[in-house]
Amino acid sequence: RVMTYNIRNSRAADGVNKWSNRKHLLADVIKKVNPDILGTQEVLKDQLRDLKKMLPAYNVYGVGRNNGKHAGEHSNIFYKHARYYLVAGGNFWLSETPALPGSKSWDAAITRICTWVKLKDKRTLDEIFVFNTHFDHKGKQAQIKSAALLRQMIDSIAGEQPVIVTGDFNFTPDNSGYKEMISEEH
């Protein structure tokens, strides 16, 4: 079972819907759905700390998009530690320089990141890759180029192995970025 969730960052001026008022509701939804793998977007350091406390059945992987450590929003991947071993993991930035932490390109309004993990099922020993990201909300070229980069990185990192992609892509199925993602020309 796989789930993706843009949790909305804790710095947003959300009044009664601020993070402290909704974090337990969010954790309850996640526990009810009970995903084996959870991709999250807009996670800030304080929210990551809260989620780790509220979701003890999960290990988490990911870094902050601004510096490759904890600055800025994370696109974390949570996975059930009773079910999976972490084999490998990494991050890349949705830019012309994907290995450079904090990099931004094209017409992107802000820095964006993709986190990936390779997990091994403890029971079946099957391996799977998970990629989780959050595309730019304004830059149309950035969305298309990010989709192409994501496809390229999946091919490079995962090859022919099974892949799950989660995220907030900030577009609808009629968008060119979506068409790039599902194209069979790769």
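The structure presented is a predicted model; accordingly, all values stated were derived computationally and were not measured. The first residue of the sequence shown is numbered 1, and numbering continues consecutively from there.
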Trace of the salt bridge (charged side-chain N to carboxylate O under 4.0 Å, His left out) decision for D121 with R83: CA-CA 6 Å; D121 189 299; R83 179 162 183 182; 2.8 Å; yes
K138 vs N170, side chain to side chain donor-acceptor pair (under 3.5 Å): CA-CA, chis, key distance, verdict: CA-CA 8 Å; K138 290 186 178 178; N170 276 313; over 6 Å; no
Salt bridge (charged side-chain N to carboxylate O under 4.0 Å, His left out) between D36 and R1, worked out: CA-CA 5 Å; D36 298 300; R1 186 178 296 242; 6.0 Å; no
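Proximity of a side-chain donor or acceptor of S146 to a complementary backbone N or O of L94 within less than 3.5 Å is not detected. The main-chain N or O of P56 is found under 3.5 Å from a side-chain atom of H81 such that the two form a donor-acceptor pair. A donor-acceptor contact shorter than 3.5 Å links the side chain of W93 to the backbone of R65. Judged by distance alone, with hydrogens and angles left aside, the side-chain atoms of S105 form no donor-acceptor pair with the main-chain N or O of S95 at under 3.5 Å. In this structure, the side chain of Q47 engages the main chain of R8 through a donor-acceptor pair within 3.5 Å. At distances below 3.5 Å, at least one donor-acceptor pair connects side-chain atoms of K104 with backbone N or O atoms of A109. No side-chain donor-acceptor contact under 3.5 Å links D155 to the backbone of G159.
Here the shortest heavy-atom pairing between N9 and E42 reads N-OE1, 3.0 Å. The two residues I110 and H137 make their nearest non-hydrogen contact at CD1-CE1, 4.1 Å. Between V163 and A158 the shortest heavy-atom distance is CG2-CB, 3.5 Å. For the pair L150 and C114, the tightest heavy-atom approach, listed with the atom from each and the gap, is CD1-SG, 3.9 Å. The two residues W19 and S10 make their nearest non-hydrogen contact at CB-CB, 3.7 Å.
In this model, a donor atom of one side chain and an acceptor atom of the other lie less than 3.5 Å apart for Q41 and T4. Side chain to side chain, D136 and W106 fail the donor-acceptor criterion of an N or O pair below 3.5 Å. Using a 3.5 Å distance cut-off with no hydrogens or angles, the side chains of H70 and R49 do not pair a donor with an acceptor.
Atoms CD1 and OG1, from I37 and T166 in turn, are 8.5 Å apart once rounded to the nearest 0.5 Å. One finds the CD1 atom of I128 at 7.5 Å from the CG atom of L119 (value rounded to the nearest 0.5 Å). Taking OH of Y61 as the reference point, atom OG of S75 lies at 13.0 Å (rounded to 0.5 Å). Atoms CD1 and NE2, on I7 and H74 in that order, are 10.5 Å from each other to the nearest 0.5 Å. Here CZ of R123 is found 9.0 Å from OH of Y84. Values are rounded to the nearest 0.5 Å. One finds the CD1 atom of I157 at 11.5 Å from the NZ atom of K118 (value rounded to the nearest 0.5 Å).
Looking only at side-chain heavy atoms (C-beta outward), L149 and P98 come within less than 4.5 Å of each other. At a threshold of 4.5 Å between non-hydrogen side-chain atoms, the residues T133 and I113 do not count as touching. N66 places none of its side-chain heavy atoms less than 4.5 Å from the side chain of E73.
Between W116 and F129, the two ring planes are tilted [angle within 30° to 60°].
M153 and F135 fall within the same hydrophobic cluster, where Ile, Leu, Val, Met, Phe, Trp and Tyr residues are linked whenever their side-chain heavy atoms come under 4.5 Å apart, directly or through other members. Connection of V29 to M54 is established within a shared hydrophobic cluster, with ILVMFWY side chains joined at heavy-atom distances below 4.5 Å, either directly or through further cluster members. Hydrophobic clustering, with ILVMFWY side chains joined whenever heavy atoms are under 4.5 angstrom apart, groups M3 together with L48. Hydrophobic clustering, with ILVMFWY side chains joined whenever heavy atoms are under 4.5 angstrom apart, groups L26 together with F78. No single ILVMFWY cluster, assembled from side-chain heavy atoms under 4.5 Å apart, contains both F131 and I164.
Electrostatic pairing of K120 and D126 does not count as a salt bridge here, judged by no charged N lying under 4.0 Å from a carboxylate O. The residues E180 and R151 are annotated as not salt-bridged, no charged nitrogen and carboxylate oxygen being separated by less than 4.0 angstrom.
Within 6.0 Å of NZ on K80 lie more than 12 heavy atoms contributed by other residues, nucleotides or ligands. Annotation for K145: atom NZ does not count as buried by contact number, only 12 or fewer foreign heavy atoms lying within 6.0 Å.
Of the residues L86, T40, T115, N76, the one that meets the side-chain contact (heavy atoms from CB on, under 4.5 Å) test with V60 is N76.
Ring centers of Y178 and F169: at least 6.0 Å apart, outside the cut-off.
Stacking of K52 on the aromatic ring of Y58 is not recorded, the 6.0 Å distance cut-off and the 45° axial limit not both being met.
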